[in-house]
Amino acid sequence: MTEQTYDFSAIEAKWRDFWTANKTHATPQPEAGDKTFYVLDMFPYPSGAGLHVGHPVGYLATDIVGRYKKMAGFKVLHPMGWDSFGLPAERYAMKTGVHPAISTEQNIATYKRQMGLLGLGYDWDREIQTSSEDYYRWTQFIFSRLYNAWYDADADKARPIDALPIPEDVAAQGKLAIQAYQDDRRLVYYETAPVNWCAEEGTILANEEDFDGKSEKGYEVVRVPLRQVKMRITAYAERLIADLDRLDWPEGIKESQRNWIGRSEGVTLEFAVGGTDAAIETFTTRVDTLGGVTFLALAPEHPLVAALTDGDHKAAVDAYVEAAARKSDLERTVDAEKTGVFTGAEAINPVTGKAVPIFVADYVLYDYGTGAVMGVPAHDERDFAFATAYGLDIVPVIDPGPEAENRDAVLAGEACLYGDGAMLPPPAGMPDTLYTAGMPWREAGAKVADHLEAEGQGRRVVSYNLRDWIFARQRYWGEPIPIIHWEDGTRTTVPEDQLPLTLPHVDNYQPTGYAESPLARAEDWVDVVDPETGMTGKRETSTMPQWAGSCWYYLRFMDPQNREALVGKEVEKAWGQVDLYVGGAEHATLHLLYARFWHKVLFDLGLVSTIEPFAKLVNQGLLTSFAYKDERGVVLPIDEVEEREEGVFIQTATGKRVEKVGAKMSKSLHNVVTPDDVVERFGSDAFRVHMMFMGPVESMREWETDKPASALKFLRRVWRFATTAIAAGANAEDKKVALARTKLVLAVTEDLEKLRLNTAIAELMKFLNAVDGEAVSTSTVSDFIRVLAPFAPFMAEELWERAGGAPSVFSAGWPQADEAELDAAIDTVEIVIQEGGKRRGSVHLAPEADDAAVRAAALEMLSGMGKSVQGVPENRIIVVRDKKSGRVRLVNVPKLG
RNA sequence: GCCGGCGUGGCGGAAUUGGUAGACGCACCGGACUUAAAAUCCGUUGGGAGAAUCUCCCGUGCCGGUUCGAGUCCGGCCGCCGGCACCA
């Protein structure tokens, strides 16, 4: 009987060693004709805390799919690596003096051990770290290619900067002028502009990292003007939106990116400034309301403000502009009250010729559109609020229609209409060609836009909310930016053959303040001399943001040892896109946007062959634990509470009753569960089965400590079934068993293809239920072991060996089954009989029964129940057949009297 | 405010393009085995009514509609989660 005992710890240790010794998970490069499958996890930052049970939800899903695809005959690339540059290691270094490279190395060792424990079948020969020189050499290489490229709007692609045509007048002014011209157009550029400064993190952050004035960790972020390295992601706004359509990604993520990029179509048009030659360019999405313009508003930063303002208003305008500059973006945004000051100047409506006052108002954003808006209070809430506050005219141009409650108020200029309606008769001065009365506003807008374009007074443009990517960080533990600032004012990238530009050692990791990173203290490293000309220069001391390394790591996994290129051309073509990418939704507008951007640049520059990096994306759900909340809503750690009786939780110290609530796993709540604990208690296979059986990969779930017990129970049943069947060695089996096998293989295969791992496990359970107590042939047992293998790889290996198979089961192929087999095995089908859509019973008929026979059977049954079936028209009796097999499934008779 | 996603038993969750609602599991209850317990195995379990085990009614957030037939489609609400938000 000891033979029958399922000793998971011995089995799992045995096969863990076997896989390592035999490199079972090694991934050879694909050759011509190979089917390939690239499945990828978002690689982790190796933190000091190690993995908790929430991390592997996605890793397990990809492991299972990867193992299945390999068995199904694909060359599967399923690698793992480390996003190992980052602030925590640097903070740790500040506290302890331990170099980040060393603490990172230790953390990685823990992660790898835990991943091994879980049976994650990664090919560790392909392991990469973003902080290793071999890797960041290529991150710097890509940076340098971006720096030395510009966006050719005509060709709609990035091209090397050498291909940028230099106008003659610029060329005539010499080297610095040419550089300035190029620098204005590079995909990487320097700009002095307000940036997001986080004092606590000691660095500038990207707009994507600024969450309502807080950093990701919740530290305050303020706006300060600084000279910064930026990447021209806005050049790709259109393509980043358009190409979302071809991605198999969750709609929510695509929508987040669309919102973030914020595309809107509108028109720019110029208002002449009365009495001067100057003109103000405004952007609007509602040119149809041009007749309703009663003022113009400029952002305080707008360059024309000073020039426009007349003497009487100068003092007030200067004070306002200065006050606005001191306010943070958040203050300007949160404060909904509209303020502004009159400049004393007037603008001329290009169509009606009417003069309107020009204001400076801080509700106008300088970096969106043209930094100036035409104020149409009748049809824009913000303009309405402003006009009301300053007593400006409100001129409606759209009639909401007789049905509208607020019609009278709108027409009287007392309410704002931004919904649908029909154009009112045009105001005085509107040319006859622009008569749009009665038209819906969109149509009227098109007509006005046509007119403006024809007259050369305006043009249609597309505007985006997306801003360029602030790329530099004032930190130590990141990729050095390979730029040298020379004494003659020129700037170059470090030559590619001199990369990597190695991160120097420093003794002091403390932030230096706004402009520089701790690298500034490594003077020997910062100061450079050109060996040929003797010119001196200084290196850029900022480092790259956390996101740089993860922008392209999926490419390096394809060819991690390549010394000549970031990825070999043929290898890149062979693997193609990432077929399945699994990770958290929190990266929607960070990593996933940045990586798409870099990929498109690499495509334009001929370095990759695909236009998108990740074909299919799945967001795994968060795994939460629990904690307790007291009456004030304070969350309490789990060890401060006891359960006195079923469902009654008492805070030990106070004796007060508290409520059990779901909570993220965190150190402070003492509710972190590590995979080590779970594997120790239930085994890795049970952990895997449990995690995947809890629900769809995408949904959130709550961890309950004792639940893996049921998975273990299931695995014990599997073990008993398989070892018994192997020992019995039957050659034959009942038709019922053969049918169950066919169903099992078909269902599990389909579920795996669709990443429905919870129902796949349910199918394994159903099979066991179906064959309980039956003789099962060795060939069916073999198929069962193989479909079990992706889910419970350790047990499957052991069973496979005991069944006489040559290790490893993952080289044993995937079992086959086809529908025809299923059909042939069926000699009667159950046909459900409905009356008015309600089930009344069922009959068993031969699968080839025709509609007439089915109808007759249905009427007979219903009649037998005492129902009156006289006079039911035949065409009202609906016979439903299975689409694939054509077998009858159901027959419905209309409700009988 | 705008946009997207989601609402199914006591619980986690199943239900192809409209076709048997509640698969599979947990928990509960009953039973077997046991001196006993654990483990294991078998059975029951959406709610209600009548009733010898069968039948009827109600049931997928709420209200209405389309259909022979609606968890699924349409219209209108409610609630939860996520994104964007002074973006002209």
Side-chain angles (χ1 to χ4, degrees), chain A residues 212 250-264 266-267 282-286 289 297 299 329 332-338 361-365 367-376 379-383 385-386 418 463-467 585-586 588-589 619 689-690 693-696 698-702 704 706-707 709-711 713-714 716-717 720 747 750 754 756 758-769 772 830-842 865-866 872-873 875-884 889-895:
Chain A
D212 288 339
E251 205 42 54
I253 298 283
K254 291 207 249 183
E255 206 50 37
S256 292
Q257 292 207 350
R258 287 191 196 105
N259 281 341
W260 186 258
I261 297 168
R263 181 184 199 278
S264 53
V267 169
T282 63
F283 172 76
T284 179
T285 54
R286 292 291 302 273
T289 63
D329 256 23
R332 275 172 69 165
T333 306
V334 163
D335 187 7
E337 202 179 313
K338 303 285 176 286
D362 74 357
Y363 78 92
V364 180
L365 304 177
D367 56 1
Y368 181 76
T370 60
V373 301
M374 54 179 226
V376 185
H379 303 293
D380 181 285
E381 262 187 314
R382 298 150 304 179
D383 296 344
F386 188 78
Y418 40 93
S463 196
Y464 303 93
N465 293 349
L466 183 72
R467 303 297 138 87
E586 67 276 16
T589 53
N619 294 126
V689 167
H690 171 65
F693 187 60
M694 282 169 88
E698 298 89 337
S699 58
M700 297 224 298
R701 65 279 309 270
E702 197 171 327
E704 288 178 71
D706 293 324
K707 283 293 176 69
S710 70
K713 189 168 127 188
F714 161 69
R716 287 207 183 100
R717 247 187 107 194
R720 213 171 323 124
E750 194 187 338
K754 296 186 176 163
R756 296 190 302 215
N758 54 331
T759 53
I761 292 167
E763 292 298 333
L764 292 165
M765 292 171 171
K766 277 191 209 170
F767 173 82
L768 277 198
N769 292 343
D772 194 41
E830 185 190 29
I831 296 166
V832 169
I833 294 171
Q834 292 185 341
E835 177 202 348
K838 288 194 178 4
R839 190 184 203 273
R840 289 291 181 244
S842 67
M865 289 170 65
V872 178
N875 62 4
R876 304 290 280 173
I877 305 174
I878 311 288
V879 176
V880 180
R881 290 174 179 276
D882 188 89
K883 289 250 159 48
K884 275 191 208 153
R889 294 175 54 166
L890 174 145
V891 54
N892 187 41
V893 177
K895 183 108 179 123

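Order of the sequence lines sets the chain letters (A, B, ...), proteins ahead of strands, with each chain counted from 1. Hydrogens, waters and symmetry mates are skipped; everything else that's a heavy atom, side chains included, is used. All values derive from a computational prediction rather than experimental measurement.
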Checklist entry - Which value, in whole Å, describes the distance between the C1' atoms of nucleotides B:A15 and B:G71? => result 9 Å

Checklist outcome for this item: Assert: residue with more 5' nearest nucleotide on RNA chain B, out of A:G695 and A:N259, is A:G695

Checklist entry - How would you label the contact of A:R717 with the nucleic acid (heavy atoms, under 4.0 Å): base, sugar-phosphate, or nothing? => result sugar-phosphate

Checklist outcome for this item: Minimal heavy-atom distance between A:Y464 and A:I261, with the atoms involved, is CB-O, 3.5 Å

At a cut-off of 3.5 Å, list every protein nitrogen or oxygen paired with a nitrogen or oxygen from nucleotides 4-11 of chain B, distance to 0.1 Å.
none

Next on the checklist: Would you call the rings of A:Y368 and A:F283 parallel, tilted or perpendicular, taking 30° and 60° as the class edges?
Outcome noted: perpendicular

Checklist outcome for this item: Looking only at heavy atoms, the pair that brings A:Q834 and A:G837 closest together is OE1-CA, 3.5 Å

Checklist entry - Out of curiosity, A:I761 CD1 to A:E763 CD, how far, rounded to the nearest 0.5 Å? => result 11.0 Å

Checklist entry - Counting only N and O atoms by type, is there a donor-acceptor contact under 3.5 Å from the side chain of A:N892 to the main-chain atoms of A:I878? => result no

Item to check | Distance between C1' atoms of B:U45 and B:C11 (Å, rounded) | outcome: 14 Å

Item to check | Out of B:G83, B:C86, B:A88, whichever nucleotide has its closest atom nearest the side chain of A:T284 | outcome: B:A88

Checklist entry - With rounding to whole Å, what would you report as the distance between B:C41 and B:U53 at their C1' atoms? => result 25 Å

Checklist entry - Do the side-chain N or O atoms of A:K254 get closer than 4.0 angstrom to the phosphate oxygens (OP1, OP2) of B:C3? => result no

Checklist entry - How would you label the glycosidic angle of B:G71: syn (within 90° of 0) or anti? => result anti

Checklist entry - Can you tell me how far the CG atom of A:N769 sits from the CE atom of A:M765, to the nearest 0.5 Å? => result 9.0 Å

Item to check | Sidechain N-carboxylate O distance under 4.0 Å for A:K838, A:E835 | outcome: no

Checklist entry - Taking 4.0 angstrom as the limit, do A:K338 and A:E381 come out as a salt bridge? => result no

Next on the checklist: Counting the atoms with a prime plus P, OP1 and OP2 as sugar-phosphate, which does A:V364 contact under 4.0 Å by heavy atoms, base, sugar-phosphate, or nothing?
Outcome noted: base

Item to check | Integer-rounded Å distance: B:C2 P and A:E381 CD | outcome: 10 Å

Item to check | Same-atom distance (P) from B:C58 to B:U8, integer angstrom | outcome: 22 Å

Next on the checklist: Tell me the interatomic distance from A:E835, atom CD, to B:G69, atom P, rounded to whole angstroms.
Outcome noted: 12 Å

Checklist entry - When the nearest nucleotide of RNA chain B is assigned to A:W260 and to A:D383 on a heavy-atom basis, which residue is associated with the more 5' position? => result A:W260

Next on the checklist: Using every non-hydrogen atom in the two residues, find where A:V689 and A:A711 come nearest and quote the distance to one decimal.
Outcome noted: CG1-CB, 4.0 Å

Checklist entry - How long is the line joining CZ of A:F714 and P of B:C26, in whole Å? => result 11 Å

Item to check | Gap in Å between the two C1' atoms, one belonging to B:U67 and one to B:G19, rounded | outcome: 12 Å

Item to check | Euclidean distance, A:D772 CG relative to A:R717 CZ, rounded to 0.5 Å | outcome: 6.0 Å

Next on the checklist: Please report the distance, rounded to the nearest Å, between CD in A:Q257 and P in B:C84.
Outcome noted: 11 Å

Checklist entry - Could you write nucleotides 16-24 of chain B as a row of B, S and -, 5' to 3', where a protein heavy atom under 4.0 Å of any base atom gives B, of only sugar-phosphate atoms gives S, and otherwise -? => result BB-BB--BB

Next on the checklist: Quick check: closest heavy atoms across A:S256 and A:T589, and the distance to 0.1 Å?
Outcome noted: O-CG2, 3.7 Å

Item to check | Side-chain N or O of A:S264 closer than 4.0 Å to phosphate OP1/OP2 of B:A88 | outcome: yes

Checklist outcome for this item: Atom OH of A:Y368 and atom C1' of B:A85 are separated, to the nearest Å, by 12 Å

Checklist outcome for this item: Annotated structure of RNA chain B as dot-bracket, pair cut-off 3.5 Å, Watson-Crick or G-U only, | for inter-strand, is (((((((..(((......[....)))(.((((.......)))).)(((((...)))))..(((((..]....))))))))))))....

Next on the checklist: In this structure, how many angstroms lie between the C1' atom of B:U40 and the CG atom of A:D772, rounded?
Outcome noted: 13 Å

Item to check | Separation of the C1' atoms in B:U16 and B:G9, to the nearest angstrom | outcome: 24 Å

Checklist entry - Is it true that A:R467 and A:D367 have a side-chain N and a carboxylate O under 4.0 angstrom from each other? => result yes

Checklist entry - About how many Å separate CG of A:L466 and CG of A:N259, when rounded to the nearest 0.5 Å? => result 12.5 Å

Checklist entry - Measuring from A:K254:NZ to A:E251:CD, what's the distance to the nearest 0.5 Å? => result 5.0 Å

Next on the checklist: Side chain of A:Y363, heavy atoms from C-beta onward: which of B:G83, B:C56, B:C86 has the nearest atom to it?
Outcome noted: B:C86

Next on the checklist: What is the distance, to the nearest angstrom, from the CG atom on A:D367 to the P atom on B:C86?
Outcome noted: 12 Å

Checklist entry - With rounding to whole Å, what would you report as the distance between B:G61 and B:G10 at their P atoms? => result 13 Å

Checklist entry - What nucleic acid atoms does A:R263 come within less than 4.0 Å of, heavy atoms only: base, sugar-phosphate, or nothing? => result nothing

Item to check | Nearest-Å distance once atom P is located in both B:C26 and B:A39 | outcome: 12 Å

Checklist outcome for this item: To the nearest angstrom, the CE-P distance between A:M694 and B:G12 comes to 11 Å

